[in-house]
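First listed ligand is number 1; within each ligand, the first listed atom is number 1. These numbers were taken from a predicted model, which means no experiment stands behind them.
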Amino acid sequence: MDHFVPQDLNIPPDGSPLDPETQQRVKAFRRQLGAQGWLAPTWQKVYGGGGLSPAFARIIEEEMRRLVLPSMGDNTRWIPAVMTWGTDEQKLRYVPCALRGETITWQAFNEPGSGSDLASIRTQAVADGNDYLISGDKAFITGRFDPDYLWTLAVTDPDRPPRLNLGLFMVDASLPGISIKTQRLLAGSERRVSLENVRVPADCLVGLPYQGWEIAQTILEEERGGHGFRTEEDGTVSSVLEYLRQERGSP
Ligand SMILES: Cc1cc2nc3c(=O)[nH]c(=O)nc-3n(C[C@H](O)[C@H](O)[C@H](O)COP(=O)(O)OP(=O)(O)OC[C@H]3O[C@@H](n4cnc5c(N)ncnc54)[C@H](O)[C@@H]3O)c2cc1C
């Protein structure tokens with residue numbers, strides 16, 4: 001696999017967005033992996049997976065770990081949510097292209113002033129015929145690659161009680177009214193997204209118009225460590241040990 005792997009990539013160590021050329025090179029490699037189903041080896045082929053056994057998946061995982069690359073997957077926590085709550089048509093619209101490495105999706109939940117208290121978000125999605133008009137600001141959004149989709153939480157009915165008033169939308173990031181800025185942090189940077197009267201078709205709402213909180217919670221439970229399964233050491237512990245050995249001369 002090594003001769004396909006892009007070499008000498010410019011990867012900022014602080015997690016900042018990648019420059020356009022690096023994005024293009026990594027995305028091209030990602031698409032090559034995705035075309036073989038290697039980004040989701042055990043998933044069904046119809047959804048962009050490889051249809052492979054867990055043993056094959058393990059070999060691919062081990063090989064991938066040897067490569068010096070920025071995080072290859074974008075945020076994929078939305079995928080189980082869409083598979084659970086989405087219509088069959090939505091599953092086929094959003095999932096295979098992501099698992100084939102063709103699209104990047106950001107999770108755009110957090111807002112200025114609505115972090116821990118996520119239910120207080122102010123982004124509004126106002127029904128307008130067969131569409132919604134979405135307006136609001138999202139902050140501290142992670143994305144090393146520019147997005148194709150924004151997985152976005154918005155208030156669908158301000159008169160309903162908190163948590164029962166939110167919808168989850170898969171928004172095409174190229175739509176008019178969306179602007180994205182880079183937010184410098186003390187270490188690295190994140191993104192700030194502004195949505196101004198963004199017209200989206202109603203069929204990009206996943207689940208019911210008031211089910212967004214329930215769906216978001218299933219994702220956040222997994223994201224914030226509620227799953228409790230064993231994960232692989234990703235090299236962090238061994239690199240800290242190596243550093244200590246070199247700096248301190250400890251065995
Ligand atoms: C590096 C980075 C990447 C991120 N990526 C994403 C992303 O991709 N998508 C996305 O949607 N969001 C993202 N976020 C946002 C993240 O989800 C929020 O930062 C997080 O939810 C906390 O919100 P906050 O920063 O506004 O902190 P605050 O909510 O202001 O909390 C600040 C402190 O106050 C404490 N606190 C808050 N409320 C209470 C309370 N009622 N009682 C006691 N203590 C309280 C908190 O525990 C915390 O210690 C990212 C943030 C960072 C830093």
Side-chain angles (χ1 to χ4, degrees), residues 11-18 23 26-27 30 39 70-82 84-85 94-95 98-99 101 103-125 132 134-156 161-163 165-175 177-196 198 200 204-207 211-227 231 234 236:
I11 305 172
D14 61 5
S16 292
L18 302 172
Q23 287 199 33
V26 177
K27 278 182 171 177
R30 197 167 172 266
L39 292 178
S71 161
M72 292 295 291
D74 59 325
N75 183 327
T76 50
R77 282 178 293 268
W78 60 271
I79 294 177
V82 168
T84 305
W85 306 96
Y94 301 126
V95 177
L99 294 186
T103 53
I104 299 282
T105 304
W106 289 358
Q107 180 164 293
F109 290 176
N110 189 76
E111 297 188 1
S114 299
S116 305
D117 184 12
L118 188 60
S120 69
I121 62 162
R122 278 168 294 180
T123 294
Q124 297 255 351
Y132 280 91
I134 303 186
S135 297
D137 283 310
K138 301 287 176 181
F140 296 112
I141 306 304
T142 303
R144 297 201 99 176
F145 297 86
D146 296 332
D148 299 289
Y149 289 104
L150 303 169
W151 177 233
T152 305
L153 200 57
V155 175
T156 46
R163 298 178 182 78
N165 60 351
L166 303 171
L168 250 175
F169 296 83
M170 189 61 89
V171 176
D172 178 342
S174 66
L175 287 172
I178 297 178
S179 55
I180 296 172
K181 288 187 184 144
T182 298
Q183 230 183 331
R184 294 297 310 172
L185 305 180
L186 274 177
S189 48
E190 299 296 333
R191 310 291 193 109
R192 177 97 179 219
V193 182
S194 158
L195 301 110
E196 216 174 299
V198 179
V200 302
C204 76
L205 171 76
V206 174
Q211 217 174 4
W213 180 258
E214 188 181 2
I215 302 173
Q217 287 313 303
T218 60
I219 302 165
L220 295 173
E221 168 68 8
E222 154 78 15
E223 176 178 345
R224 300 297 154 119
H227 42 65
T231 51
D234 64 356
T236 308

For the residue pair F169 and Y132, categorise the inter-ring angle as parallel (less than 30°), tilted (30 to 60°) or perpendicular (more than 60°).
->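 F169 vs Y132 ring planes: perpendicular.
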Under 30°, 30 to 60°, or over 60°: which ring-plane class applies to Y94 and W78, parallel, tilted or perpendicular?
->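 Perpendicular.
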Give the atoms of ligand 1, by number and element, whose distance to some non-hydrogen atom of [X] is under 4.0 Å.
X    : answer
I141 : 7 (C), 8 (O), 9 (N), 10 (C), 11 (O)
Q107 : 7 (C), 8 (O), 9 (N), 10 (C), 11 (O)
F109 : 11 (O)

Under the salt bridge (Lys or Arg N to Asp or Glu O under 4.0 Å) rule, collect the residues that match up with E190, sequence neighbours excluded.
->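 Applying salt bridge (Lys or Arg N to Asp or Glu O under 4.0 Å) to E190 gives none.
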[X] and [Y]: which non-hydrogen atoms are nearest, and at how many Å?
X    : Y    : result
N110 : G115 : OD1-CA, 3.1 Å
D172 : I178 : O-CD1, 3.5 Å
L18  : P12  : CD2-CD, 3.7 Å

Heavy atoms only: which of V193, L185, L153, T142 is nearest to atom 5 (N) of ligand 1?
->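 Nearest option to atom 5 (N) of ligand 1, by heavy atoms: T142.
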Can you figure out which of G115, P112, S116 has its heavy atom closest to atom 47 (O) of ligand 1?
->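 Checking each option, the heavy atom nearest atom 47 (O) of ligand 1 is found in S116.
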Quick one: does ligand 1 sit under 4.0 Å from the side chain of E190, the backbone, both or neither, non-hydrogen atoms only?
->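 The part of E190 near ligand 1 is the side chain, not the backbone.
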Based purely on interatomic distance, does F140 place a nitrogen or oxygen under 3.5 Å from a nitrogen or oxygen of ligand 1?
->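 Checking ligand 1 against F140, an N or O pair does fall under 3.5 Å apart.
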